[in-house]
Amino acid sequence: MSLVANIIVDVPALQTNKPYTYIIPEVLTDVIQPGMRVVVPFGKGSRKVQGFVVEIKEQTATEIKLKAIESLMDSYPVLTMELLQLGEFLAYQTFSFQIKCYQTMLPAVMRAKYSKKIKIIDEIPETLLWDIFKGKDELSWEEAERQNVLTDLIQLEKEDKVEIDYDVKDKAVVKKIKKIKPALSFEAYEEIREYLRSNAKKQKLFIDILQSMDSETSLSYAELKAFGVTPSTIRSGLEKNWCDVFHEEIYRDPFASSTFEKTRPLPLNQDQAHAFSKIYQTIKEDEHDVFLLQGVTGSGKTEVYLQTIKEVIDKGEGALMLVPEIALTPQMVQRFKSRFGDEVAVLHSGLSNGEKYDEWRKIEKEEAKVVVGARSSIFAPIKNIGIIIIDEEHETSYKQEEFPKYHARDVAIWRGEYHKCPVVLGSATPSLESRARATKGVYSLLELKHRVNDYPMPAVDVIDMREEAKRGNHSMFSEALLTGLKKRIDKQEQSVLLLNRRGFSSFVMCRDCGFVLECPNCDISQTLHMDTRTMKCHYCGHEESIPKKCPKCDSRSIRYYGTGTQKVEKELNELLIDASIIRMDVDTTRKKGSHEKLLNRFANKEANILLGTQMIAKGLDYPDVTLVGVINADTALGLPDFRSAEKTFQLLTQVSGRSGRGEKEGQVIIQSYNPEHYAIQYAKQHDYDSFYKREMHLRHLSEYSPYYYLLKISVSHENEMTAAKKIRQYTDFIRPSLSEKAIILGPTPKSIARTHNRYHFQVLIKYKQEKELTEKIHQLLTETQKEQARGTFISIDYQPLDFI
DNA sequence: AGCACGCCGACT
DNA sequence: GTCGGCGTGCTC
């Protein structure tokens, strides 16, 4: 019996979301393994597509004639059996295509690049041969399109004069450098030196170097250059067979220029020691457990992570540490590199694709045992995981917004179970879901109640902005905040100012007629972008110039609205003449590395105020920051999102922790229009537990998470009536399979009812336990395939984080 | 996704 | 009478 392979092909469609069976050519039988990428012929024209081998088995009696695998793209499996299995599970759970899941697990460069070529296989008309093919025997598809000869060529293909050649290319390129090795003995070099002309100084130098090397050592061209040996000298040396040249695979090292001083473990306080020993126990006994490590800012969670990771490494296993993208600062990386040196691989969006691939290979080859990275690092190819840590577990960025819409926390727990290792969720302000599970005993709660140095939590003042307005202060700054800022400037201390941008955008409105510039395709207002001096739609990318006068009433009083960081900066500069401000927002941090640069400048005290949006709330640790101001604490509170109080509480608590990290006492000023709101009041008192109780009570009353799970079905269509009709139909399809406990909300039009010229509707299903729901949704997707092809788009979001 | 097959309108 | 439109269905 011959062997066949089950392969998931790179054709992201519902009908092809299943394994296809291919014959394994004899030459590949000994090398092919599950987890390898392959090139296979697919479909009528047998175009070549990339695929993943998921299974190898004996061929069973089958009527369909199988095609054979074209070639292998890897010499080793790039996905382990674990990841293959995880991908299958994720596809089902998140209603995504399996191929998408596998592609998400791997660096972008490993995604195939496809190209089509036209090859001449028989005589073709002379004119075509010379004008189009220019005498060569092949032509790229794009070139044929450009020359407008595709129809002619397709005709020729039917006559078997030319053929269409499909090419699958791997974008993954291993970087190599040229190195040289001595080829002769010590004595031989001695002899050569004798015969060198006295003015051949460069050559003599080269001989000296070669002579000092033994056969085990090698030098790169760059290293030789540093000694003063130029490429031309090397070339002549090679010609005379003084040395040999070879290529060595290297890693692009994004931290090449940084040095890391080795740090030692710090002594743990009682809370930390307790947490450590609980986690250590599961490591030692190869047990899976989920811990919620809840510790106030400054309570030393990171030290607990570092020491548990150390144990895992000593045991010969790997560690996985997830950090939100914006918290993945050089400071953070430094702490890990300093403790574990080269054993750390870092994955984040700031790396080039090549760099990401190299970090991935380091992990795959088990050269790096510790992986620190953002969301997608949860798929790091560690073969033997000893611990998975998710820091700031409440962060919403752990949920991917595109397909596959996975939550890193769920994937972590899946992998933790697979590897029988602990999963640690760390946060100062855990998500209600996690804390509720810990309270129920599903997770083990570990608390760090004290700050490491016993510094007190900073004093938080909440300023009622309505009172300020009553007193005639209509600026964005309360008197208290302004006085506070002045005081810091005088004392040469630093301040951080946070602008809560959630629910805000700068738009253009006419003061005379109230006209707001909207996107022509979508029902939302366009946003002002000062950097490009244009108006942009955030949904479809539509762009137009800023209107100088109102398009409706021709009035010139068309003004910009919204509280942008630029506006705050401008006002601040006017109010505080001697303030030096570093502004950090999407505009100033767009360029690669600029984020770090700005933070470094602030750390070097080149400015006394750091002004920014959410991105400054994380992980910054500057001893000279003694004042943190929140300009608008409650902009998010008004949003129709059941998590808005939770998010506000988390944000305020987090920024509060940024103040007074050093020996100097810190102060926090929160400006608000509803200061009595419990999210603000409990944040002021640093009281998570009370917030938790109050919020849980509300969630219970309103029947939301964590009491209920959520599933969102979105339907869109060009025609508003069709979209409305379809979603009602689909809801009716699901309804009978639900138990009485499930609650259906909607269907309703989405808050942004129209984008890309399509109308959107959604329905939310709240449920506690619905065994059949997932299966029923899959049924819905399968049965509506035709309608989907005809323009009714359905999208399912399992446990959505946003639904406004 | 992409390609072929199939059944209805404007062309030599 | 044919060329070609894109609706429909299948891909190991």
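Small disclaimer: the values here were computed from a predicted structure and weren't measured. Convention: sequence-line order gives letters A, B, ...; per-chain numbering from 1.
At least one side-chain nitrogen or oxygen of A/K786 sits closer than 4.0 Å to the OP1 or OP2 atom of C/dG9. For B/dC3, one of the phosphate oxygens OP1 or OP2 lies less than 4.0 angstrom from a side-chain nitrogen or oxygen of A/K116. Taking side-chain N and O atoms only, A/R790 has a distance below 4.0 Å to OP1 or OP2 of C/dT8. Phosphate proximity of C/dT11 to A/Y22: absent, as no side-chain N or O sits under 4.0 Å from OP1 or OP2. For the OP1/OP2 pair of C/dC12 and a distance below 4.0 Å, the side-chain nitrogens and oxygens of A/K67 include at least one atom meeting the criterion.
Regarding A/K44, its NZ atom lies at a distance of 5 Å from the C1' atom of B/dA4, rounded to whole Å. As rounded to whole Å, 12 Å separates atom C1' of B/dA1 from atom CD of A/Q103. As rounded to whole Å, 13 Å separates atom C1' of B/dA1 from atom CD of A/Q785. Rounding to whole angstrom units, CD1 of residue A/I8 and C1' of B/dA1 are separated by 16 Å. Nucleotide B/dG2 holds its C1' atom 12 Å from the CD atom of A/Q15, rounded to whole Å. What separates CZ of A/F42 from P of B/dA4 is a distance of 14 Å, to the nearest Å. If you take CG of A/L66 and C1' of C/dT11, they are 13 Å apart, rounded to a whole angstrom. Protein atom CZ of A/R47 is 13 Å distant from nucleotide atom P of C/dT11, rounded to whole Å.
Between A/F95 and A/Y798, the angle of the ring planes goes over 60°, which puts this pair in the perpendicular group of the 30/60° scheme. Using cut-offs of 30° and 60° for the angle between ring planes, the A/Y767 and A/Y709 rings count as tilted.
Residue A/Y166 is classed as a sugar-phosphate contact, given heavy-atom separations below 4.0 Å to backbone atoms only.
Using a 4.0 Å cut-off between charged nitrogen and carboxylate oxygen, A/E249 and A/K175 do not count as a salt-bridge pair.
Under the 4.5 Å side-chain criterion, counting only non-hydrogen atoms from C-beta, A/Y730 is not in contact with A/K725.
In this structure, A/F97 has its ring center at least 6.0 angstrom away from the ring center of A/Y102.
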